[in-house]
Undergrad: 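Let me give you the structure first, and then I'll get to my questions.
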Amino acid sequence: KRVITKLVNRGELVPAEVEGVLFHALPETLETLDSAQPANCMIFLAPLDQFMWDRKAVAHLFDFDYIWEVYKPEKDRKWGYYVLPVFYQDRLVARFDSRLKGGVWNLYKWYWEAGVTPDADMLSALERAVSSFKAYLGAEKVKLPSGMDKPTKDAWRAGAK
């Protein structure tokens, strides 16, 4: 608490109350939040991305309960081995479990969050996110699981081309 107070006094941290909970942020982070954000952008977040570090804050701010299950026995996993949260505009809308093996990006499970109904804009953003992430991974091919809803599968297929 002393260190945080010292950083606030020096202007290196800024207190920010969100829905009754006190957080601290870097001034440049708050400036970035205030700047214009891409209107139709979807991002696949790494489980260890600093955005996800404070799980309690993520749960409070985004109503997104996230546990990295890589060290859990398979039988105890709810979501999967290496699940990535999916951020769209200003909320966490989905999560998925996938792995890259031999140039093939295998999607094992895709989960839309409760209450999320993807519209055309969201599916278009998903298509672009898949395309971008496939290039980032250097994947040659994407393999999709059975049982995905058609609009989501179509967006994945289009992004995987």
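Throughout, residue positions are numbered sequentially from 1 according to the sequence presented.
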Undergrad: Within a reach of under 6.0 Å around CD of E74, are more than 12 heavy atoms found that belong to other residues, nucleotides or ligands?
TA: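 12 or below, so no.
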Undergrad: Would you say the side chains of S124 and D121 form a donor-acceptor pair under 3.5 Å?
TA: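 Checked: S124/D121 side chains show no N/O donor-acceptor pair below 3.5 Å.
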Undergrad: Could you state the interatomic distance from CZ (R55) to OH (Y66), rounded to the nearest 0.5 Å?
TA: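 So the CZ of R55 and the OH of Y66 are separated by 6.0 Å.
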Undergrad: Judged by modelled atom types alone, do N40 and Y88 share a side-chain donor-acceptor pair under 3.5 Å?
TA: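 Result is yes, a qualifying pair exists.
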Undergrad: Do L22 and L61 share a hydrophobic cluster (ILVMFWY, side-chain heavy atoms under 4.5 Å, transitive)?
TA: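 Hydrophobic grouping puts L22 apart from L61.
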Undergrad: Hey, could you give me the CZ/CE distance between F87 and M42, rounded to the nearest 0.5 Å?
TA: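 So the CZ of F87 and the CE of M42 are separated by 11.0 Å.
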Undergrad: Is V21 reachable from F64 through a run of I, L, V, M, F, W or Y residues, each pair having side-chain heavy atoms under 4.5 Å apart?
TA: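 Yes, because F64 and V21 connect within a single hydrophobic cluster, where side-chain heavy atoms sit under 4.5 Å apart.
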Undergrad: Is there a ring pair (Phe, Tyr, Trp, His ring centres under 6.0 Å) between F51 and F62? Walk through the geometry before answering.
TA: CA-CA 12 Å; F51 182 84; F62 297 99; 5.4 Å; yes
Undergrad: Decide yes or no on ring pair (Phe, Tyr, Trp, His ring centres under 6.0 Å) for F44 and F96, but give the supporting numbers first.
TA: CA-CA 9 Å; F44 298 162; F96 67 93; 4.7 Å; yes
Undergrad: Is the shortest side-chain N to carboxylate O distance from K78 to E69 below 4.0 Å?
TA: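 Salt bridge between K78 and E69, a charged N being under 4.0 Å from a carboxylate O: no.
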Undergrad: Taking W79 for its side chain and R95 for its backbone only, find out whether a donor-acceptor pair lies under 3.5 Å.
TA: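 Flag not set: sc W79 to bb R95 has no pair under 3.5 Å.
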Undergrad: Rounded to the nearest 0.5 Å, what separates atom CE in M148 from atom CG in D154?
TA: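 Here the rounded value is 9.5 Å.
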Undergrad: Taking side chain as C-beta onward, heavy atoms only, is M52 less than 4.5 Å from P85?
TA: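 A side-chain contact under 4.5 Å exists here.
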Undergrad: CZ/R128 to SG/C41 distance, rounded to the nearest 0.5 angstrom?
TA: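 Between R128 CZ and C41 SG, I get 8.0 Å after rounding to 0.5 Å.
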Undergrad: Quick check: closest heavy atoms across V116 and P118, and the distance to 0.1 Å?
TA: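 In this case the closest contact between V116 and P118 is O-CD, 3.7 Å.
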Undergrad: Under 4.5 Å side-chain heavy-atom separation, chaining through any Ile, Leu, Val, Met, Phe, Trp or Tyr, what else clusters with I67? Say none if it is isolated.
TA: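 Taking Ile, Leu, Val, Met, Phe, Trp and Tyr as members, I67 stands alone, with no cluster partners.
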Undergrad: Just by distance, do the side chain of D49 and the backbone of L45 share a donor-acceptor pair under 3.5 Å?
TA: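 Answer holds: no.
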Undergrad: Would you compute the distance between atom CD1 of I43 and atom CD of Q89 and round it to the nearest 0.5 angstrom?
TA: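 With rounding to 0.5 Å, CD1 (I43) is 11.0 Å from CD (Q89).
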Undergrad: Can you establish whether the number of heavy atoms outside K153 located under 6.0 Å from its atom NZ is more than 12?
TA: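 Count over threshold, so yes.
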Undergrad: Can you confirm whether K72 is buried at NZ, in the sense that more than 12 heavy atoms of other residues, nucleotides or ligands lie under 6.0 Å from that atom?
TA: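 For K72, atom NZ is crowded (more than 12 foreign heavy atoms under 6.0 Å).
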Undergrad: Test of understanding: clusters of I, L, V, M, F, W, Y form through side-chain heavy atoms closer than 4.5 Å, transitively. Do L48 and F133 belong to the same one?
TA: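 Per the 4.5 Å side-chain linkage, L48 and F133 are co-clustered.
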Undergrad: Would you say the side chains of T152 and W112 form a donor-acceptor pair under 3.5 Å?
TA: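 Checked: T152/W112 side chains pair up, N/O donor to acceptor below 3.5 Å.
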Undergrad: Give the intermediate values and the outcome of side-chain contact (heavy atoms from CB on, under 4.5 Å) for residues H24 and V8.
TA: CA-CA 8 Å; H24 293 87; V8 168; 3.6 Å; yes
Undergrad: Given the rule in the side-chain contact (heavy atoms from CB on, under 4.5 Å) test, do W110 and D97 qualify, once you have shown the distances and angles that lead to the verdict?
TA: CA-CA 7 Å; W110 175 271; D97 185 26; over 6 Å; no
Undergrad: Measure from NZ or CZ of R99 to the centre of the six-membered ring of W105, then state whether that distance is under 6.0 Å and the direction lies within 45° of the axis.
TA: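 Judged by the rule (NZ or CZ under 6.0 Å from the ring centre, within 45° of its axis), R99 is not positioned above W105.
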Undergrad: Taking atom OH of Y81 as the centre, does the number of heavy atoms from other residues, nucleotides or ligands within less than 6.0 Å exceed 12?
TA: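 Counting neighbours around OH of Y81, 12 or fewer heavy atoms of other residues, nucleotides or ligands fall under 6.0 Å, so no.
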Undergrad: Decide side-chain contact (heavy atoms from CB on, under 4.5 Å) for K134 and L137; before the verdict, give the C-alpha distance in whole Å, the side-chain angles of both, and the deciding distance to 0.1 Å.
TA: CA-CA 5 Å; K134 179 184 175 213; L137 292 173; 5.9 Å; no
Undergrad: Return the minimal non-hydrogen interatomic distance between R157 and L144, and the atom names on each side.
TA: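 Reported closest heavy-atom pair: CG-CD1, 3.8 Å.
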Undergrad: Please step through side-chain contact (heavy atoms from CB on, under 4.5 Å) for the pair L107 and K143, ending with a clear verdict.
TA: CA-CA 6 Å; L107 176 67; K143 184 177 177 188; over 6 Å; no
Undergrad: What distance separates L123 CG from D149 CG, expressed to the nearest 0.5 Å?
TA: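 Those atoms lie 8.0 Å apart.
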Undergrad: Identify the heavy atoms of S98 and Y108 that sit nearest to each other, and give their distance.
TA: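 In terms of heavy atoms, the two residues are closest at CA-CD1, 3.9 Å.
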